[in-house]
A.B. asks: 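Structure in structure tokens, see below.
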Amino acid sequence: MSAPESPREETSSSLATHRSSLLTVRDLAKHFPIRGGVVRAVDGVSFDLAPGETLGVVGESGSGKTTLGRLALRLIEPTRGAVYFDGQDLATLDSTALRRTRRAMQLVFQDPFGALNPRLTVGEIVGEGLVIHAMARGTTLRERIAAALERVGLPPDAAARYPHEFSGGQRQRIGIARALAVEPRLIVADEPVSALDVSIQAQIVNLLQDLQDRLGLAYLFIAHDLRVVEHIAGRVAIMYLGRIVELADSQILYATPRHLYTRALLSAVPAIDPAERRERIALNGEAPSPIHPPAGCPFHPRCAYAEARCRTEVPPLIGSATHQVACHVFPV
Ligand code: SF4
């Protein structure tokens with residue numbers, strides 16, 4: 001089945017009318033049953049991602065962004081909704097076709113320490129996908145491992161060493177080389193720099209950007225603060241309690257955010273230029289539990305602008321092709 005044509009007011013999908021979508025997500029939801037209820041980790045998310053594009057997904061811990069990344073790769077089954085990759089509905093693929101498609105969709109993890117098997121050499125780690133997918137063996141396998149290491153700025157002799165011999169930034173480069181080795185078209189990068197020193201974070205973001213320019217990769221770049229995605233994401237989706245509350249082209253989002261939650265996140269980003277410093281916006285209370293999300297707008301218990309209907313009606317994510325927001329009071 002091919003990906004659906006998008007109505008203008010359906011979340012970010014309006015952009016799909018202008019460019020072909022590599023990844024199409026529609027009304028995706030994941031509810032985890034627990035004793036006495038369900039956790040609505042992701043609750044009706046839709047977006048498109050074009051080839052070579054980066055969509056930043058930003059939210060606090062518990063916003064559902066990591067679950068969304070795994071749903072997009074179909075590493076976990078959704079409760080509701082659909083994921084299309086290159087026009088193919090992933091739910092309709094048999095296990096062989098899904099494995100072949102998964103090769104083109106790779107995951108880079110947050111924790112470069114925990115994500116690499118300490119008993120394997122770097123060469124074995126980077127080459128694992130090539131072997132599993134029968135893409136190379138013998139001399140060709142060694143050459144492709146060396147090429148992947150070189151692409152991420154590691155020397156060829158790294159292949160014979162073990163992960164513990166490398167620094168945090170180098171280990172993240174190994175994780176990226178492992179993803180790149182199987183020639184993906186999409187990488188879901190789940191907080192790929194959060195565990196690294198700030199000085200190393202910029203190096204890894206620059207590397208990802210350089211690889212995207214050279215290889216035309218699309219990234220779903222998950223982060224918990226807006227500073228990290230500012231220079232790499234062409235568009236940014238802000239998640240709150242399992243939903244996208246604002247989605248816009250980056251320049252628009254950073255210059256004219258509409259949702260109070262986005263404005264609060266932005267106000268926490270340190271500005272180097274004093275002229276760009278924003279007044280800090282403090283929100284009321286903590287984020288509510290996704291086990292018992294508030295009725296109406298899920299943000300209303302923390303919102304200084306909440307009106308009566310905010311407590312009963314869920315605001316739809318609507319707006320223009322370049323900027324959508326889910327707010328009754330501050331529409332685009
Ligand atoms: Fe605040 Fe209402 Fe907008 Fe929700 S819909 S963000 S409660 S003003």
A.B. asks: Quick check for you: to the nearest 0.5 Å, what is the distance between Glu77 atom CD and Leu75 atom CG?
C.D. replies: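 Nearest 0.5 Å value for the CD-CG distance: 10.0 Å.
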A.B. asks: Roughly how far, to the nearest 0.5 Å, is the CG atom of Leu217 from the CG atom of Leu208?
C.D. replies: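 Interatomic distance, Leu208 CG to Leu217 CG, rounded to 0.5 Å: 9.0 Å.
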A.B. asks: Please report the shortest heavy-atom distance between Ile222 and Pro192, naming the atom on each side.
C.D. replies: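 Here Ile222 and Pro192 meet closest at O-CD, 3.8 Å.
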A.B. asks: Arg178 versus Ile174: any side-chain heavy-atom pair under 4.5 Å?
C.D. replies: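 The answer is no; the side chains never approach within 4.5 Å.
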A.B. asks: Testing the basics here: between Leu28 and Ala72, what is the closest heavy-atom pair and its distance to 0.1 Å?
C.D. replies: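 Minimum heavy-atom contact is CD2-N, 4.5 Å.
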A.B. asks: Check this for me: does any side-chain nitrogen of one of Arg144 and Glu183 sit under 4.0 Å from a carboxylate oxygen of the other?
C.D. replies: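 Result for this pair is yes, salt bridge flagged.
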A.B. asks: Evaluate whether atom CD of Gln251 has more than 12 neighbouring non-hydrogen atoms of other residues, nucleotides or ligands under 6.0 angstrom away.
C.D. replies: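 Open: at most 12 neighbouring heavy atoms sit under 6.0 Å from CD of Gln251.
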A.B. asks: Which heavy atom in His31 sits nearest to a heavy atom in Pro33, and how many Å separate them?
C.D. replies: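 Closest approach of His31 to Pro33: O-CD, 3.5 Å.
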A.B. asks: Would a 4.5 Å heavy-atom cut-off, applied to side chains only, mark Leu220 and Leu73 as touching?
C.D. replies: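 No, every pair of side-chain atoms sits at 4.5 Å or beyond.
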A.B. asks: Do Val57 and Ile238 share a hydrophobic cluster (ILVMFWY, side-chain heavy atoms under 4.5 Å, transitive)?
C.D. replies: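 No; tracing contacts between hydrophobic side chains, which count when under 4.5 Å, never links both residues.
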A.B. asks: Could you go step by step and tell me if Asn117 and Glu128 meet the side chain to side chain contact (heavy atoms under 4.5 Å, CB included) rule?
C.D. replies: CA-CA 11 Å; Asn117 186 335; Glu128 205 171 20; over 6 Å; no
A.B. asks: Is it true that Val329 and Ile318 fall in one hydrophobic cluster, defined by side-chain heavy atoms closer than 4.5 Å?
C.D. replies: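 Val329 and Ile318: separate clusters.
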A.B. asks: Calculate, to the nearest 0.5 Å, the distance between atoms CD and CG belonging to Gln170 and Leu149 respectively.
C.D. replies: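 So the gap between those two atoms works out to 11.5 Å.
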A.B. asks: Please find the pair of heavy atoms, one from Pro290 and one from Gly62, that lie closest to each other, and give the distance.
C.D. replies: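 Result for this residue pair: CG-O, 4.5 Å.
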A.B. asks: Measure the CG-OG1 distance between Asp43 and Thr67 for me, rounded to the nearest 0.5 Å.
C.D. replies: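 Answer rounded to 0.5 Å: 12.0 Å.
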A.B. asks: Working to the nearest 0.5 Å, report the span between CG of Leu186 and CG of Leu107.
C.D. replies: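 Output value for this atom pair is 10.0 Å.
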A.B. asks: So, the side chain of Glu279 versus the backbone of Ser267: is there a donor-acceptor pair under 3.5 Å, distance only?
C.D. replies: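 No.
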A.B. asks: Would you say Gln172 and Phe109 make side-chain contact, with heavy atoms under 4.5 Å?
C.D. replies: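 Of all side-chain heavy-atom pairs linking Phe109 with Gln172, none is under 4.5 Å.
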A.B. asks: Taking His300 for its side chain and Cys297 for its backbone only, find out whether a donor-acceptor pair lies under 3.5 Å.
C.D. replies: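 Such a contact is found between His300 side chain and Cys297 backbone.
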A.B. asks: Would you check if Thr262 and Phe330 make a side-chain contact, meaning some heavy-atom pair closer than 4.5 Å?
C.D. replies: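 No, their side chains stay 4.5 Å or more apart.
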A.B. asks: Are His259 and Phe299 near enough that their ring centres are under 6.0 Å apart?
C.D. replies: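 Yes.
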A.B. asks: How about Arg151: does its CZ atom have over 12 heavy atoms from other parts shown lying under 6.0 Å from it?
C.D. replies: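 No, CZ of Arg151 has 12 or fewer neighbouring heavy atoms, counting only those of other groups under 6.0 Å.
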A.B. asks: Which of parallel (below 30°), tilted (30 to 60°) and perpendicular (above 60°) describes His164 and Tyr162?
C.D. replies: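 Plane angle under 30°, so parallel.
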A.B. asks: Between Lys65 and Gly59 (side chain of the first, backbone of the second, donor and acceptor by atom type, cut-off under 3.5 Å), is there such a pair?
C.D. replies: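 Yes, because the side chain of Lys65 sits within donor-acceptor range (under 3.5 Å) of the backbone of Gly59.
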A.B. asks: With distance as the sole test, does Thr54 use its side chain to make a donor-acceptor pair with the main-chain N or O of Gly234 at under 3.5 Å?
C.D. replies: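 The answer is no, because no donor-acceptor pair under 3.5 Å joins these two groups.
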A.B. asks: Does CZ in Arg137 sit with more than 12 non-hydrogen atoms of other residues, nucleotides or ligands closer than 6.0 Å?
C.D. replies: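 Incorrect, the count does not exceed 12.
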A.B. asks: Indicate if Ile125 and Val108 have the same hydrophobic cluster label, given that clusters are the connected sets of ILVMFWY residues with side-chain heavy-atom separations under 4.5 angstrom.
C.D. replies: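 Yes, because Ile125 and Val108 connect within a single hydrophobic cluster, where side-chain heavy atoms sit under 4.5 Å apart.
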A.B. asks: Do the side chain of Tyr261 and the main chain of Arg302 share a donor and acceptor less than 3.5 angstrom apart?
C.D. replies: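 Between the backbone of Arg302 and the side chain of Tyr261 there is no qualifying donor-acceptor contact (under 3.5 Å).
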A.B. asks: Hey, are the side chains of Thr79 and Val38 touching, using non-hydrogen atoms and a 4.5 Å cut-off?
C.D. replies: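 Contact flag for Thr79/Val38 side chains = no.
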A.B. asks: Hey, does the side chain of Arg263 reach the backbone of Pro257 with a donor-acceptor pair shorter than 3.5 angstrom?
C.D. replies: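 No, the answer is negative, given that no donor and acceptor are paired below the 3.5 Å cut-off.
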A.B. asks: Checking the side chain of Asp197 only, and the main-chain atoms of Ser199 only, is there a donor and an acceptor separated by less than 3.5 Å?
C.D. replies: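 It does not hold such a pair.
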A.B. asks: Donor-acceptor pair, Thr322 side chain versus Asp249 backbone, under 3.5 Å?
C.D. replies: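 Here the side-chain-to-backbone pair does not exist.
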A.B. asks: Does the side chain of Gln88 pick up a donor-acceptor pair with the side chain of Thr101 at under 3.5 Å?
C.D. replies: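 Short answer, no.
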A.B. asks: Tell me if the CZ atom of Arg119 is crowded by more than 12 foreign heavy atoms within 6.0 Å.
C.D. replies: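 It does not: Arg119 CZ has 12 such atoms or fewer within range.
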A.B. asks: Below 4.5 Å, heavy atoms only, C-beta onward: do Gln324 and Ile244 meet side chain to side chain?
C.D. replies: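 Sidechains of Ile244 and Gln324: no contact.
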A.B. asks: With a 4.5 Å cut-off on side-chain heavy-atom distances among I, L, V, M, F, W and Y, is there a chain of contacts connecting Val325 to Leu260?
C.D. replies: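 They do not share one cluster, since no chain of ILVMFWY contacts under 4.5 Å joins Val325 to Leu260.
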A.B. asks: Does the side chain to side chain contact (heavy atoms under 4.5 Å, CB included) test come out yes or no for Arg235 and Leu247, once each step is laid out?
C.D. replies: CA-CA 7 Å; Arg235 285 186 300 145; Leu247 191 153; 3.6 Å; yes
A.B. asks: Strictly below 4.0 Å, N to O, side chains only: are Glu246 and Arg258 in salt-bridge contact?
C.D. replies: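 No salt bridge links Glu246 with Arg258.
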A.B. asks: How close do Val182 and His133 get, counting heavy atoms only, and between which atoms?
C.D. replies: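 In this case the closest contact between Val182 and His133 is CG1-CD2, 4.2 Å.
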A.B. asks: Counting only heavy atoms not in Glu307 (residues, nucleotides, ligands), do more than 12 fall under 6.0 Å from its CD?
C.D. replies: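 Yes.
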A.B. asks: If the threshold is 4.0 Å, N to carboxylate O, is there a salt bridge linking Asp48 and Arg26?
C.D. replies: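 Result for this pair is yes, salt bridge flagged.
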A.B. asks: Tell me, do Asp210 and Asn206 make a side-chain contact under 4.5 Å, heavy atoms counted?
C.D. replies: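 No; the side chains remain at least 4.5 Å from each other.
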A.B. asks: Determine, stepwise, if the pair Leu226 / Leu253 fulfils side chain to side chain contact (heavy atoms under 4.5 Å, CB included).
C.D. replies: CA-CA 10 Å; Leu226 276 161; Leu253 189 102; 4.0 Å; yes
A.B. asks: State whether the side chain of Glu191 and the backbone N or O of Gln110 hold a donor-acceptor pair below 3.5 Å, judged by distance alone.
C.D. replies: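 No.
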A.B. asks: Is there a side-chain contact between Arg243 and Val314 in this structure, where contact means two heavy atoms from C-beta onward sitting under 4.5 Å apart?
C.D. replies: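 Sidechains of Val314 and Arg243: in contact.
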A.B. asks: Does the Lys NZ or Arg CZ of Arg74 fall within the cation-pi geometry relative to Phe85 - under 6.0 Å from the ring centre and within 45° of the axis?
C.D. replies: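 Relative to the ring axis of Phe85, which defines the angle, Arg74 lies outside at least one limit.
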A.B. asks: Restricting to non-hydrogen atoms, name the atom on Ala177 and the atom on Val126 that form the minimum distance, rounded to 0.1 Å.
C.D. replies: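 Looking at all heavy atoms of both residues, the closest pair is O-CG1, 3.9 Å.
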A.B. asks: Which value, rounded to the nearest 0.5 Å, describes the distance between Tyr219 atom OH and Leu49 atom CG?
C.D. replies: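 Separation between the atoms: 11.5 Å.
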A.B. asks: If only atom types and distance count, is the side chain of His231 paired as donor or acceptor with the main-chain N or O of Val205 below 3.5 Å?
C.D. replies: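 No.
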A.B. asks: Under a single-linkage definition using a 4.5 Å side-chain heavy-atom cutoff for Ile, Leu, Val, Met, Phe, Trp and Tyr, are Ile200 and Ile232 assigned to the same hydrophobic cluster?
C.D. replies: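 They do share one cluster, since a chain of ILVMFWY contacts under 4.5 Å joins Ile200 to Ile232.
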